[in-house]
Engineer: 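First the structure, which I've put down as structure tokens, then a few questions once you've had a look.
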Amino acid sequence: MKTHSKTLMMMVALVPICILLLSCHGKTGEKDDLQAIKQLLSMQEEAWSNNDIDRFMEAYQQSDSITYFGSSGIRRGYQAMLNSYKERYPTKAHTGTLKFTLHDISKISEDAYWVMGEYHLTRDVGDTNGTFMIVLKRINGEWKIVGDSSC
């Protein structure tokens with residue numbers, strides 16, 4: 001009986017430690033997700049600022065289901081977005097230098113987040129600023145933008 005009692009007491013003592021270890025593991029995963037998302041957005045800033053629209057678009061899911069909503073309405077499909085960006089921002093004077101200010105990155109599910117922030121374009125053809133909200137999804141181990149709204 002004494003052996004069972006000691007074993008039970010040890011198990012009860014280990015439960016809080018196991019819970020603590022499991023909760024720390026979840027936070028590390030979320031911390032890694034946030035870091036990866038911020039790196040992706042940093043890559044976009046750099047690519048845009050180098051007038052490299054193709055590289056900028058690597059952050060987006062290459063799919064007909066990708067959706068962009070902006071001042072000109074809803075645009076669907078990766079190729080339509082790429083064509084529109086290249087048409088509206090044909091030179092370095094038009095892309096300028098991009099800087100994001102991130103206000104919120106919130107987890108939607110295990111493999112999805114939204115990001116809310118501001119964009120700031122410093123350009124030869126005139127500066128422009130606005131707000132955005134993007135939805136990112138982990139697809140095949142990589143974060144991809146699946147929805148984008150800017151104004």
Engineer: Return yes if some donor-acceptor pair links the side-chain N/O of Lys144 with the main-chain N/O of Glu58 below 3.5 Å, else return no.
Structural biologist: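 Yes, Lys144 side chain to Glu58 backbone: donor-acceptor pair under 3.5 Å.
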Engineer: Above 12 or not: heavy atoms from other molecules or residues under 6.0 Å from CG of Asp64?
Structural biologist: no
Engineer: Are the ring centres of Tyr85 and Trp48 closer than 6.0 Å?
Structural biologist: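 Close enough - the centres of the two rings lie under 6.0 Å apart.
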Engineer: Starting at CD of Glu30, measure out to CD of Glu110 and round the result to the nearest 0.5 Å.
Structural biologist: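 Between atom CD of Glu30 and atom CD of Glu110 there are 8.5 Å.
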Engineer: Could you please spell out the steps behind the side chain to side chain contact (heavy atoms under 4.5 Å, CB included) verdict for Glu46 and Arg55?
Structural biologist: CA-CA 9 Å; Glu46 181 183 322; Arg55 185 162 172 250; 3.5 Å; yes
Engineer: Tell me which one of Leu98, Val115, Ile105 satisfies side-chain contact (heavy atoms from CB on, under 4.5 Å) with Leu41.
Structural biologist: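 Of the listed options, the one satisfying the test is Val115.
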Engineer: Checking Lys86 side chain against Pro90 main chain: does a donor-acceptor pair fall under 3.5 Å?
Structural biologist: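 No.
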Engineer: So do the side chains of Arg88 and Ser84 get within less than 4.5 Å of each other, counting heavy atoms only?
Structural biologist: yes
Engineer: Do Leu136 and Leu40 come close enough that some side-chain heavy atom pair is under 4.5 Å?
Structural biologist: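 Result yes, sub-4.5 Å side-chain heavy-atom pair found.
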Engineer: Any side-chain heavy atom of Ile108 within less than 4.5 Å of one from Trp114?
Structural biologist: yes
Engineer: Under 3.5 Å, side chain of Thr101 to main-chain N/O of Gly117, donor-acceptor pair present?
Structural biologist: no
Engineer: Could you give the distance from OH (Tyr78) to OG (Ser65), rounded to the nearest 0.5 Å?
Structural biologist: 13.5 Å
Engineer: Would Phe100 and Phe132 count as a ring pair (Phe, Tyr, Trp, His ring centres under 6.0 Å) here? Give the steps.
Structural biologist: CA-CA 9 Å; Phe100 291 131; Phe132 70 89; 5.2 Å; yes
Engineer: Using a 4.5 Å cut-off on heavy atoms from C-beta on, say whether the side chain of Ile139 contacts that of Lys137.
Structural biologist: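 Answer yes - side chains close enough.
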Engineer: Would you mind reporting whether Val135 and Ile145 have side-chain heavy atoms less than 4.5 Å apart?
Structural biologist: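 Sidechains of Val135 and Ile145: no contact.
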Engineer: Do Glu87 and Asn83 pass the side-chain hydrogen bond (donor to acceptor under 3.5 Å, both in side chains) test, and can you show the C-alpha distance, the side-chain angles, and the key distance before you say yes or no?
Structural biologist: CA-CA 6 Å; Glu87 183 180 308; Asn83 294 345; over 6 Å; no
Engineer: Can a donor-acceptor pair be found between the side chains of Tyr113 and Asp33 at a distance below 3.5 Å?
Structural biologist: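 Yes, side-chain donor-acceptor contact under 3.5 Å.
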Engineer: Would you indicate whether the side-chain heavy atoms of Lys92 and Thr97 approach each other to under 4.5 Å?
Structural biologist: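 When only atoms from C-beta onward are counted, Lys92 and Thr97 do touch, with a gap below 4.5 Å.
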Engineer: Go through it in stages, so that I can follow the logic: the residues are Asp148 and Thr67, the test is side chain to side chain contact (heavy atoms under 4.5 Å, CB included), and I'd like the CA-CA distance, side-chain angles, deciding distance and then a yes or no.
Structural biologist: CA-CA 6 Å; Asp148 186 345; Thr67 305; over 6 Å; no
Engineer: Calculate, to the nearest 0.5 Å, the distance between atoms CD1 and CD belonging to Ile134 and Gln44 respectively.
Structural biologist: 6.5 Å
Engineer: Contact between Lys99 and Tyr119 at the side-chain level, heavy atoms closer than 4.5 Å - yes or no?
Structural biologist: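 In short, these two side chains do not touch, never coming nearer than 4.5 Å.
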Engineer: For the side chain of Thr91 and the backbone of Tyr89, is there at least one donor-acceptor N/O pair under 3.5 Å apart?
Structural biologist: no
Engineer: Does the Arg123 side chain pair with the main chain of His94, one donor and one acceptor, at a distance under 3.5 Å?
Structural biologist: yes
Engineer: Return the CG to CD1 distance between Leu82 and Ile53, rounded to the nearest 0.5 Å.
Structural biologist: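 The CD1 atom of Ile53 is 8.0 Å from CG of Leu82, to the nearest 0.5 Å.
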Engineer: So, does Glu118 use its side chain to make a donor-acceptor pair with the main chain of Gly130 at under 3.5 Å?
Structural biologist: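 Side chain of Glu118 to backbone of Gly130, a donor-acceptor pair under 3.5 Å: no, none is there.
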Engineer: Linking I/L/V/M/F/W/Y whenever their side-chain heavy atoms sit closer than 4.5 Å, directly or via other members, would Trp143 and Val146 fall into one cluster?
Structural biologist: no
Engineer: Going by atom types alone, do Ser106 and Asp104 pair a side-chain donor with an acceptor below 3.5 Å?
Structural biologist: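 Yes, side-chain donor-acceptor contact under 3.5 Å.
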Engineer: Is the closest side-chain heavy-atom distance between Leu121 and Asp127 below 4.5 Å?
Structural biologist: no
Engineer: Let me see the working for Cys151 and Thr131 under side chain to side chain contact (heavy atoms under 4.5 Å, CB included), right down to the final yes or no.
Structural biologist: CA-CA 6 Å; Cys151 58; Thr131 61; 3.4 Å; yes
Engineer: Distance check, rounded to the nearest 0.5 Å: Ser149 atom OG versus Met116 atom CE?
Structural biologist: 10.5 Å
Engineer: Just how far is it from atom CD of Gln35 to atom CD of Gln39, taken to the nearest 0.5 Å?
Structural biologist: 5.0 Å
